[in-house]
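Please read the structure below before turning to the comments.
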Number of protein chains: 2
Amino acid sequence: MVTLAEVAQHAGVSASTVSYVLSGKRSISMGTRQRVEQSIQELGYHPNAGARALASNKSNIVALMVPLRTDMYVPVMMEIAIAVATTARAYGYDVLLLTGEEGPDAVRRVTGSGLADAMILMDVELDDERLPLLRGTDQPSVLIGLPADTSGLTCVDLDFGATGALCVEHLAMLGHRDIAVIGEAPAVYERHTGFAERTLDGLRSRARELGLRVLHRPCEGGYDALAATLARIFDERPGTTGFVVQNESAVEPLLALLRQQGRAVPEDVSVIGICPDQVAVQASVRLTSVAIPAQEMGRRAVEQLVAKLDGRDTDEVALLAPELTVRASTGPLSATG
Amino acid sequence: MVTLAEVAQHAGVSASTVSYVLSGKRSISMGTRQRVEQSIQELGYHPNAGARALASNKSNIVALMVPLRTDMYVPVMMEIAIAVATTARAYGYDVLLLTGEEGPDAVRRVTGSGLADAMILMDVELDDERLPLLRGTDQPSVLIGLPADTSGLTCVDLDFGATGALCVEHLAMLGHRDIAVIGEAPAVYERHTGFAERTLDGLRSRARELGLRVLHRPCEGGYDALAATLARIFDERPGTTGFVVQNESAVEPLLALLRQQGRAVPEDVSVIGICPDQVAVQASVRLTSVAIPAQEMGRRAVEQLVAKLDGRDTDEVALLAPELTVRASTGPLSATG
DNA sequence: AGTCGTTGTCGAAGCGCTTCGACAAAGTAT
DNA sequence: ATACTTTGTCGAAGCGCTTCGACAACGACT
């Protein structure tokens, strides 16, 4: 391993000078800078991360806590994670991957050991047990997702309330009166993951304003589960003509089953997805959808974090505005509907 | 921040004693050990990662390099990543997430800076540009995937050759003679990702032995792409009755299109998927499949790495045996076929 | 009783870096 | 020319830990 001292000797300067060349924290004459940089090149020097962390008290690492469970939105999680990693690198940070498994202990460990300078938490529950720890430490953090109480926290998320409202508005505009929501798996609601409930709230309150009726059913992915759910929906509300699907793995089964039952999309029934664009585009009927801006979320989270680390002020809560893309799965309610 | 010295003072011992309690590298009397542990508890001490790394010359971090592109098998990648993180934690290591973006530079950076003690590389290409670097350093590494030349490297992967052969055998046994392979997107073959080619090789050579005919077509995911591909297949080989699909996002479109064309699965046509079990189970026809053991791969990679770090010998190449699970999408060729 | 391991503890050195204060050398204002 | 600032460099201290050698204290052998 090449050390700072060796570079210094090779360049004929002191160690501190090399350090200042690297950090730019003091001015260095052109000649010296060039000689040092040359030596760094020639010797193939890389600063030792541990020594740097020890001396400067910063690790240049941000921790990213991803959910352990993979019961939902895996591609979204992955996309966020990759966006976080990519953006972080652009700001000179590396990313430490933590799974939710360790829970609050991971927060304590990382905070206490100085392993990371800051944290990003995904899959935040409404009343997440990690939050008190974050509030009680001076380690900067950003949540991707929205807990019930955001005081003292910085959050980035899609505005799921507005997303729900947007879906209703689109369906209402097309003349639909009875709407069914195919939701995430029951487990997602049971652990009070915010986004699912917020979507529902936004959707319901806008529906009330516009005079639509809403029936919500959580649903596991796959054909069998969806077949059962769909049967119950049409049983209870035979006049249902609009669907909002917030569950990637229910999209295709829903389209298939509707087709099978002789209900044409979009002539008889309209379907809106809340899902990444890729899913919407690849479906058997190109899906009208509200996109989940995974990359944007990851990027914004890192930017907020970097701002905090640089001592700049940041938004408390940054909600991204939803955008609805009309494709082939929604249309005006026909007269016979 | 609580330091070792403070713990030592609180417990009435020297710093080195506390260190030895923590590491267990020298024997400590019961009484002392207990007093120290008590102090650690009371003060809420966490060893400083940077100082530890500097003094011991090991970071207890392994780097995981995931592909930046998300054009294939995203859930598999995610599952591997999570398995790596979970297993690594069990061995006391944290995981640093690197994207393929930086390419070989990331290897140099991590190796040179002592940021990580070891690396795991995913999405290895047959002639990967990162390999010379790995061979030229004494930093332990494990590849998930198989390059063309494995000398001096440790690799973990599913035995895709055997996987291809297994698919052919199953179809042959059922009486099928003409087989079509729906492959990954052309880009995957173009960058010479090993697994796709190896599947094909294994499949073709076994087919030759058994006297089956094989037609291979790369294919993007989604309905439109698959519709075109399928048309060409039946055009060229109208008698095709067996399908092997190595592309998650082609499974559902294939099943839908076959249904639409009046070809019953499995009565007229048999379909085998090479995909995670979850995909196979959630498909509209429960899919006979060879599973991609993502978790197992991640776990094994970490275990190999830890073995190397502990100075134990490891396998050069660990190929996991494929397992075929018969479900509802394959059956004997009917007399009329 | 004297010698020899053991066992448990300590002090000190050192890992490679950052950063502070000191200080020549050079430039600027008087 | 003198005093004063600015610029560029250096030496030394110190970040918190691990680890080596030293060495009391103690029981186990002759």
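A, B, ... follow the sequence lines: proteins, then strands. Residue 1 opens every chain. All values below were derived from every heavy atom in this structure, side-chain atoms included, with hydrogens, water molecules and symmetry-related copies excluded.
Atom P of nucleotide C/dT18 and atom NZ of A/K58 are separated by 11 Å, given to the nearest angstrom. Rounding to whole angstrom units, CE of residue B/M1 and C1' of D/dG14 are separated by 18 Å. Straight-line distance from the CG atom of A/N57 to the P atom of C/dT19: 10 Å, rounded to whole Å. Atom CG of A/N48 is separated from atom P of C/dT18 by 10 Å (rounded to the nearest Å). At whole-Å resolution of the value, CG in A/L54 and C1' in C/dG14 are 12 Å apart. For the pair A/L43 CG and C/dG16 P, the computed distance is 15 Å after rounding to whole Å. For the pair B/L4 CG and C/dG14 P, the interatomic distance rounds to 19 Å; values are reported in whole Å. If you take NE2 of B/H46 and C1' of D/dC17, they are 16 Å apart, rounded to a whole angstrom.
When each of B/A51 and B/S29 is assigned the nucleotide of DNA chain C bearing its nearest heavy atom, the one mapping closer to the 5' terminus is B/S29. If B/R26 and B/A55 are placed on DNA chain D by their nearest nucleotide, the residue sitting closer to the 5' end is B/A55. Between B/I28 and A/L22, the residue whose closest nucleotide on DNA chain C is further toward the 5' end is B/I28.
Side-chain contact between A/C155 and A/V142 is absent, with no heavy atoms from C-beta onward closer than 4.5 Å.
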message: Is there a side chain to side chain contact (heavy atoms under 4.5 Å, CB included) between A/R135 and A/S151? Walk through the geometry before answering.
response: CA-CA 9 Å; A/R135 290 202 177 88; A/S151 64; 3.9 Å; yes
message: Quick one, B/Q139 with B/T111, criterion side-chain hydrogen bond (donor to acceptor under 3.5 Å, both in side chains). Give me CA distance, side-chain angles, the key distance, then yes/no.
response: CA-CA 7 Å; B/Q139 179 152 46; B/T111 303; 2.8 Å; yes
query: Does the pair A/S19 and A/S16 meet the rule for a side-chain hydrogen bond (donor to acceptor under 3.5 Å, both in side chains), with working shown?
result: CA-CA 5 Å; A/S19 178; A/S16 48; over 6 Å; no
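Side-chain atoms of A/E42 and A/Q38 form a donor-acceptor pair, as typed in the model, at a separation below 3.5 Å.
Across all strands, A/S16 comes closer than 4.0 Å to base atoms (heavy-atom distances). Within the 4.0 angstrom heavy-atom criterion, base atoms lie near A/S19.
OP1 or OP2 of D/dG8 lies within a sub-4.0 Å distance of a side-chain N or O belonging to A/S27. In terms of phosphate contacts, A/S14 brings a side-chain nitrogen or oxygen within less than 4.0 Å of OP1 or OP2 of D/dC10. Taking only side-chain nitrogens and oxygens, A/K25 never comes nearer than 4.0 Å to OP1 or OP2 of C/dT18. Phosphate contact (OP1/OP2 of D/dT18, side-chain N/O of B/R52, threshold under 4.0 Å): present. Regarding contacts with the backbone of D/dG8, every side-chain N or O of A/T32 stays at 4.0 angstrom or more from both OP1 and OP2.
For B/Y20 against D/dC20, a side-chain-to-base donor-acceptor contact under 3.5 Å is present.
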